[in-house]
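From a predicted model like this one, the values you see are computed outputs, not experimental measurements. For ligands, and for the atoms within them, numbers begin at 1 and follow the listed sequence.
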Amino acid sequence: MKNIVLKDGRTAILRRAIKEDAEEMLKYMDTIATESDFLTFEQGELKLTVKKQQASIENNLMESKLFIIVMVEDKIIGNLSFSAGHRIRSRHAGEFGITVLKEYWNNGVASEMIGFMIDWAKERGVIRKINLRVRTDNPRAIHLYSKFGFKCEGILTRNFYIKEVFYDSMEMGLLLD
Ligand SMILES: CC(C)(COP(=O)(O)OP(=O)(O)OC[C@H]1O[C@@H](n2cnc3c(N)ncnc32)[C@H](O)[C@@H]1OP(=O)(O)O)[C@@H](O)C(=O)NCCC(=O)NCCS
């Protein structure tokens with residue numbers, strides 16, 4: 001758990017999610033789905049229930065996974081989910097996704113979560129590579145990842161199809177040595 005101060009002076013708590021966060025997490029997912037087209041899912045598409053969300057959070061307590069949330073008072077305002085492979089040949093590499101509630105964008109929330117993930121991965125020692133996929137027309141996210149040393153490793157054309165338009169995505173990676 002970590003106390004953080006946002007750029008606008010508000011305070012927040014960053015911590016791993018627990019089963020009891022499932023209901024609040026559902027509310028959060030519902031809200032972010034309406035706030036950004038940069039997500040990989042449509043509003044209502046995930047058909048999440050509290051039970052499914054609880055199972056997902058419990059699954060993410062495994063050693064190779066990290067599921068963190070940022071809370072302002074009792075409200076979730078950010079989430080990062082990282083998952084590494086579980087086989088001997090793939091457990092050194094993992095991928096993450098990240099979101100922040102629009103009201104809190106540009107306040108350093110995502111930076112705090114990425115910094116936390118990198119420290120966690122380094123401490124564990126097993127993870128040597130962190131991957132992500134981002135739409136090529138998402139400059140805020142690309143700036144954010146580049147700031148932490150992620151490098152472009154290629155472009156996937158037509159990787160997303162949103163409201164009848166194709167979008168390319170960029171593969172980015174960070175080596176941990
Ligand atoms: C991308 C996202 C996670 C960033 O979260 P955030 O908490 O606003 O990020 P931070 O405040 O830590 O950092 C944002 C950085 O982008 C910069 N930035 C903002 N708008 C920008 C723009 N149009 N172009 C380039 N950089 C931009 C900010 O200045 C800041 O950089 P700095 O730390 O060097 O000052 C958030 O905007 C989000 O949830 N977006 C919708 C979902 C999404 O795009 N997820 C990522 C999918 S890969």
Inset, instruction - Could you tell me how the ring of Phe150 sits relative to the ring of Phe96: parallel (under 30°), tilted (30 to 60°) or perpendicular (over 60°)? - result: tilted

Inset, instruction - Would you give the length of the straight line joining atom CZ of Arg135 to atom CG of Leu156, rounded to the nearest 0.5 angstrom? - result: 14.0 Å

For ligand 1, what N or O to protein N or O distances fall under 3.5 Å?
| from | atom 1 | to | atom 2 | distance (Å) |
| --- | --- | --- | --- | --- |
| ligand 1 | 7 (O) | Ala110 | N | 3.0 |
| ligand 1 | 8 (O) | Asn106 | N | 2.7 |
| ligand 1 | 11 (O) | Asn107 | N | 3.2 |
| ligand 1 | 11 (O) | Gly108 | N | 2.8 |
| ligand 1 | 12 (O) | Ser111 | N | 2.9 |
| ligand 1 | 12 (O) | Ser111 | OG | 2.6 |
| ligand 1 | 31 (O) | His143 | NE2 | 3.0 |
| ligand 1 | 33 (O) | Lys147 | NZ | 2.7 |
| ligand 1 | 34 (O) | His143 | NE2 | 2.8 |
| ligand 1 | 35 (O) | Lys7 | NZ | 3.3 |
| ligand 1 | 39 (O) | Val100 | N | 2.8 |
| ligand 1 | 39 (O) | Val100 | O | 3.4 |
| ligand 1 | 44 (O) | Asn138 | ND2 | 2.9 |
| ligand 1 | 45 (N) | Ile98 | O | 3.1 |

Legend entry - Gap between atom CD1 of Ile57 and atom CG of Asn60 - 0.5 Å precision: 8.0 Å

Legend entry - Side-chain (Ser56) to main-chain (Lys52) donor-acceptor, under 3.5 angstrom: no

Inset, instruction - Indicate yes or no for a side-chain donor-acceptor contact from Arg91 to the backbone of His86 under 3.5 Å, with no hydrogens or angles considered. - result: no

Legend entry - Salt bridge Asp119-Lys2, side-chain N to carboxylate O under 4.0 Å: no

